[in-house]
Amino acid sequence: MKPGTEWAAVLGRSSGRAPDAFGTDRLHNLVDGTWRPIGDPETLVSPVDGSKLTGLPKVSAGEAQHAVLASAAAHRDWATTPVAERKARVTAAVDALADARDDLALLLAWEIGKPWKLACADVDRALDGVRWYVDEIDSMLGDRTPLDGPVSNIASWNYPMSVLVHSELVQLLAGNAVIAKTPSQGGATCLTLAHALMARRACR
């Protein structure tokens, strides 16, 4: 194994990029702009070698309801943010994800067993797709306005970046707050890092 690609090394770099999003035994949940150690963690296991990775917390119904209500409140503010500012914030988020591209891909390799080239392609498709939407969003929106509330997303475990993250950033670009359920089958650590970088730059 190439030095620096071990799980502990990749997790350490990811935690260093977003310390609030990672606990010692679990991933945290982003609720109302704050990373919180809520929920009961279930240990994730790598399909690569069967090693234990980290804990994915399952939140209670009450905690999930609170997250939805917080997202609805954030939507009212985000929906009034000018398109130019939304474009700038989403672009900053894409740039931050691009800077962490290799670690995001390595997390996918460990978590869901994606070969390196396919893991990189998953990340790259997300970033390239959002950049295209940033360039085209003005003509696409026309006189359209944001939705009445946030968009709910259920993640695809096998394409967490090119499906979920891509969709969320486009939804943000269009003026909608987003809420997402992380897949229990894999990709949670990659998505935690991605959402931490996105939230730091695209959200208030």
Side-chain angles (χ1 to χ4, degrees), residues 4-5 9-22 27-35 71 74-75 77-112 114 116-141 146 150-151 153 155-156 158-180 182-183 187-204:
T5 64
V10 182
L11 181 63
R13 289 196 299 273
S14 300
S15 178
R17 290 179 185 271
D20 291 347
F22 294 85
L27 303 171
H28 292 171
N29 279 281
L30 181 62
V31 179
D32 200 15
T34 303
W35 288 97
S71 180
H75 176 81
D77 183 45
W78 184 252
T80 62
T81 301
V83 176
E85 183 176 346
R86 297 200 305 257
K87 288 169 63 175
R89 288 175 177 268
V90 168
T91 297
V94 170
D95 289 343
L97 292 170
D99 183 63
R101 180 256 200 183
D102 286 1
D103 282 336
L104 291 167
L106 283 168
L107 290 171
L108 289 179
W110 276 105
E111 291 188 282
I112 61 180
K114 269 186 182 282
W116 171 247
K117 287 185 178 180
L118 294 181
C120 290
D122 191 26
V123 178
D124 293 341
R125 278 198 301 268
L127 304 183
D128 292 343
V130 176
R131 288 189 183 103
W132 184 86
Y133 274 98
V134 169
D135 291 338
E136 302 294 332
I137 193 66
D138 292 288
S139 61
M140 287 182 162
L141 287 178
V151 179
N153 296 270
S156 167
N158 51 345
Y159 293 101
M161 289 293 296
S162 60
V163 174
L164 178 67
V165 169
H166 174 272
S167 297
E168 288 178 296
L169 287 170
V170 174
Q171 292 158 10
L172 287 168
L173 195 58
N176 305 295
V178 300
I179 188 166
T182 298
T189 312
C190 173
L191 288 171
T192 296
L193 175 59
H195 285 127
L197 298 174
M198 291 158 59
R200 189 179 298 162
R201 289 157 178 83
C203 302
R204 294 182 186 279

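For this chain, numbers begin at 1 and follow the sequence in order. Any value given below was found using the heavy atoms of this structure, including those in side chains, with hydrogens, waters and symmetry copies removed.
- Closest of all the heavy-atom pairs between S71 and A177 is O-CB, 3.7 Å.
- Nearest heavy-atom pair, A174 versus P146, reported as atom, atom and distance to 0.1 Å: O-CG, 3.8 Å.
- Remark: D95 does not engage R201 in a salt bridge, criterion side-chain N to carboxylate O under 4.0 Å.
- A distance of 6.0 Å or more separates the ring centres of Y159 and H166.
- Contact between E111 and C190 at its shortest, heavy atoms only, is OE1-N, 2.9 Å.
- The minimum heavy-atom distance between M161 and L104, with the atom names listed, is CE-CD1, 4.0 Å.
- Under the salt bridge (charged side-chain N to carboxylate O under 4.0 Å, His left out) criterion, D122 pairs with no residue at all, not counting sequence neighbours.
- Listed by chain and residue number, R36, A70 satisfy the side-chain contact (heavy atoms from CB on, under 4.5 Å) test with D32 (two or more places apart in sequence, or in another chain).
- Note that CG of L107 is 6.0 Å distant from OG1 of T189, once rounded to the nearest 0.5 Å.
- For D124, the salt bridge (charged side-chain N to carboxylate O under 4.0 Å, His left out) partners are R101, not counting sequence neighbours.
- R86 and T81 get closest at one heavy-atom pair: NH1-O, 2.7 Å.
- Of the residues N153, V178, T182, the one that meets the side-chain contact (heavy atoms from CB on, under 4.5 Å) test with L164 is N153.
- Between G175 and H75, the shortest heavy-atom contact is O-CE1, 3.8 Å.
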